[in-house]
2 protein chains.
Amino acid sequence: MGFNNATQKDVAVRAGVSQTTVSIALNPESELNIPVKTVEKIQKVARELNYTPNRFAKALRTNRTQTLACIIPDIANPFYPALVKGVQRASEIYDYDVITLNTDGIKEKELHYIELAKQGRYDGLVGVFFNLEAKHFNDLAELGIPVVRLESNARAQTRQSFDNLFVDDEAAFAEITELLIQQGHRDICMISGKGGPEYLRVSGYKRAVQKANIKPFIQLEKDFNEDGGIAAMQGILRRKTAPSAIVAANDLMAIGCMKVISTVGLRIPEEIVVTGFDNIPAAQLVSPSLTTIDRFQGDIAERAAKIIIGRLNKQVIGQGQTIKQPYKIIRRNSA
Amino acid sequence: MGFNNATQKDVAVRAGVSQTTVSIALNPESELNIPVKTVEKIQKVARELNYTPNRFAKALRTNRTQTLACIIPDIANPFYPALVKGVQRASEIYDYDVITLNTDGIKEKELHYIELAKQGRYDGLVGVFFNLEAKHFNDLAELGIPVVRLESNARAQTRQSFDNLFVDDEAAFAEITELLIQQGHRDICMISGKGGPEYLRVSGYKRAVQKANIKPFIQLEKDFNEDGGIAAMQGILRRKTAPSAIVAANDLMAIGCMKVISTVGLRIPEEIVVTGFDNIPAAQLVSPSLTTIDRFQGDIAERAAKIIIGRLNKQVIGQGQTIKQPYKIIRRNSA
DNA sequence: CTGTTAGCGCTTTCAC
DNA sequence: GTGAAAGCGCTAACAG
């Protein structure tokens, strides 16, 4: 096949030094010292020959692959592309490759990828794991493979073996609910899927309404998607006359809900307002555009990747941190 | 660090054979023959020790990395996640890793990734290249790195060094325009961005309207996105009274256009109909849901990855093919 | 049919 | 300061 890439040996010959010297000169982290002059010469020759290190040889020797795994439920879910991009943005800077892996939210697959990581295929992981607990990451920690979990419910552990970046869903839902209350709404329904993020989001809503002496009204459906939103709104209309505000657990549900609302001829936001969560791209495409909460997934993921890389380079040390990340309400036309 | 993974040597010792025999036994493609009994024994031991080949050692030795690059303009563009998933689907089966790379549609980055590929970082490429010509892929072909281009305008070349999977945009736009004509529309505007896919899509539209003796009316804006759609529709309304139908060059433009339409108080589809192209997820989320054309990007990308892998395994040989892929009009509520 | 040997490109002792 | 040498785990001649 013949890739004709220049090797350290080629550089060494041309620079009149040994291959070892080239290796040391080109790896500034090395303990060993080489005179600046020699280093410069080697760098010059390396450039001339268009030398690039062979990452497989390096990986074989060092057990470092220069690749990160970005593990998410589903790249086709509109919430995740921005997250993936954040990981890529950080990784590119440090010349890490990133492999994106879909778990479909299934425990089996989540564990499978952990297994691959244990085999040394990835230097670190940043990911969203729906079904895994702290203990599943212990082996990784022992092997020196850093993990950053995203979106994980914020149960900070003592001696936690991974970092955890999370948004305070509870506070976010309390805040957006309060906003509606301030606008004068008293009949506010929350719709949500079941499981996973349900608990904290519903809690936030409940806290806000109860504080204002409003009785909570919650409509749960199976899925956190458009169909779930449709079903939820239909359920609400079956049980009572339309409320004046809907707080949806995420944007997809909100959008499904809006469809039903326009079908029955109610006007948004004049007769009923709707809010979402996630700020997916479609949120500004629908009519009226959706008022929602941005979680800055891209920024969070970028920070996560930087933490991973920092740990790999020993610039970040110590126990895993659980770090709260900001959110922001995005006012658009639906509320 | 200590990854304690079993190696061929470990398996060899335990099975009482040489390491070489293990290598041969575990690689069925090998020319060499080992008695079935020995092979089975080795497989058994390998399983017991939970042996997995070290892909970096393998890569170093064979110049085969078991990874594919999936090169796209932007994972955050809603058109691409389905495509990426298709590549992943095929790759997973054959245990290839896939690295997704964003070019932002910039020639410089497209070339950069080609360069990385030439260094042997990826065994093959499937990608969407906006700014590259046939000649840019010649080196790759010589190195034995197969490439499948997606979405490339179908200029089949003799002795083409890569495969090309494309959808016949011209035919698709002619067909959807004809559909509108059949519904009785005579005042049909096309809106499009400039450059890239503009030419073929506009051609299809033109062909259909001219065949029906309708004068083409085309509104071009800079970008193929929501803003482009908004600007285009505003431009149309400035120049004439609203047409009865809009054919948009893609879904994002269609959605932008629909926003303007509802702002000025026209009803879709009663007073004006709109069609898109791509069938992005948002197409069924907007109200009314968007009639559009599905390009089955996931299936195409899956097929592309299979071709790559087929070529790597010498199951696909010969010159690069240019293959037309199907499309399908998806009738929803906007037209 | 199976084992011995060399070596892919790199990092890392260990001598000098 | 620099070089020689070993070896990461694997495949591919080559012998036997």
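Computed from heavy atoms alone, side chains included, the values below leave out hydrogens, waters and symmetry copies.
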(message) Test your reading of the model: is there a side-chain donor-acceptor pair from A/E110 to the backbone of A/F130, 3.5 Å cut-off?
(response)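 Checked: pair present.
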(message) Does a side-chain N or O of B/K58 approach OP1 or OP2 of D/dT11 to a distance below 4.0 Å, or not?
(response)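 For D/dT11, OP1 or OP2 has a side-chain N or O of B/K58 closer than 4.0 Å.
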Determine, for [X] against [Y], whether the closest basic-nitrogen to carboxylate-oxygen distance falls under 4.0 angstrom.
{"X": "B/R64", "Y": "B/D95", "value": "no"}
{"X": "A/K118", "Y": "A/E115", "value": "yes"}
{"X": "B/E48", "Y": "B/K44", "value": "yes"}

(message) Quick one about B/T20 and B/S23 (side-chain donor to acceptor, distance below 3.5 Å, no hydrogens or angles considered), yes or no?
(response)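 Judged by distance alone, the side chains do not pair up.
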What is the distance, to the nearest angstrom, from the [atom1] atom on [X] to the [atom2] atom on [N]?
{"X": "A/R55", "N": "D/dG9", "atom1": "CZ", "atom2": "P", "answer": "20 Å"}
{"X": "B/K9", "N": "D/dC10", "atom1": "NZ", "atom2": "C1'", "answer": "13 Å"}
{"X": "B/Q8", "N": "D/dC8", "atom1": "CD", "atom2": "P", "answer": "13 Å"}

(message) If you assign B/L60 and A/P35 each to the DNA chain D nucleotide with the nearest heavy atom, which residue ends up on the more 5' nucleotide?
(response)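 Nearest nucleotide further toward 5': that of A/P35.
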Taking only N/O atoms, report every protein-nucleotides 12-14 of chain D pair under 3.5 Å with atom names and distance.
| from | atom 1 | to | atom 2 | distance (Å) |
| --- | --- | --- | --- | --- |
| D/dA12 | N6 | B/T20 | OG1 | 3.2 |

(request) State whether the number of non-hydrogen atoms from other residues, nucleotides or ligands found under 6.0 Å of A/Q315 atom CD is greater than 12. (result) yes
(request) Measure the shortest side-chain to side-chain distance between B/V167 and B/I300 over non-hydrogen atoms and say whether it is less than 4.5 angstrom. (result) yes
(request) Considering only heavy atoms of chain A and a distance under 4.0 Å, specify the first and last nucleotide of DNA chain C in 5' to 3' order that meet this criterion. (result) C/dG9 to C/dT12
(message) Here's a test of your reading of the structure: between B/I34 and A/N27, which maps to the more 5' nucleotide of DNA chain C?
(response) B/I34
(request) Starting at CG of B/N77, measure out to CG of B/N102 and round the result to the nearest 0.5 Å. (result)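 So the gap between those two atoms works out to 10.0 Å.
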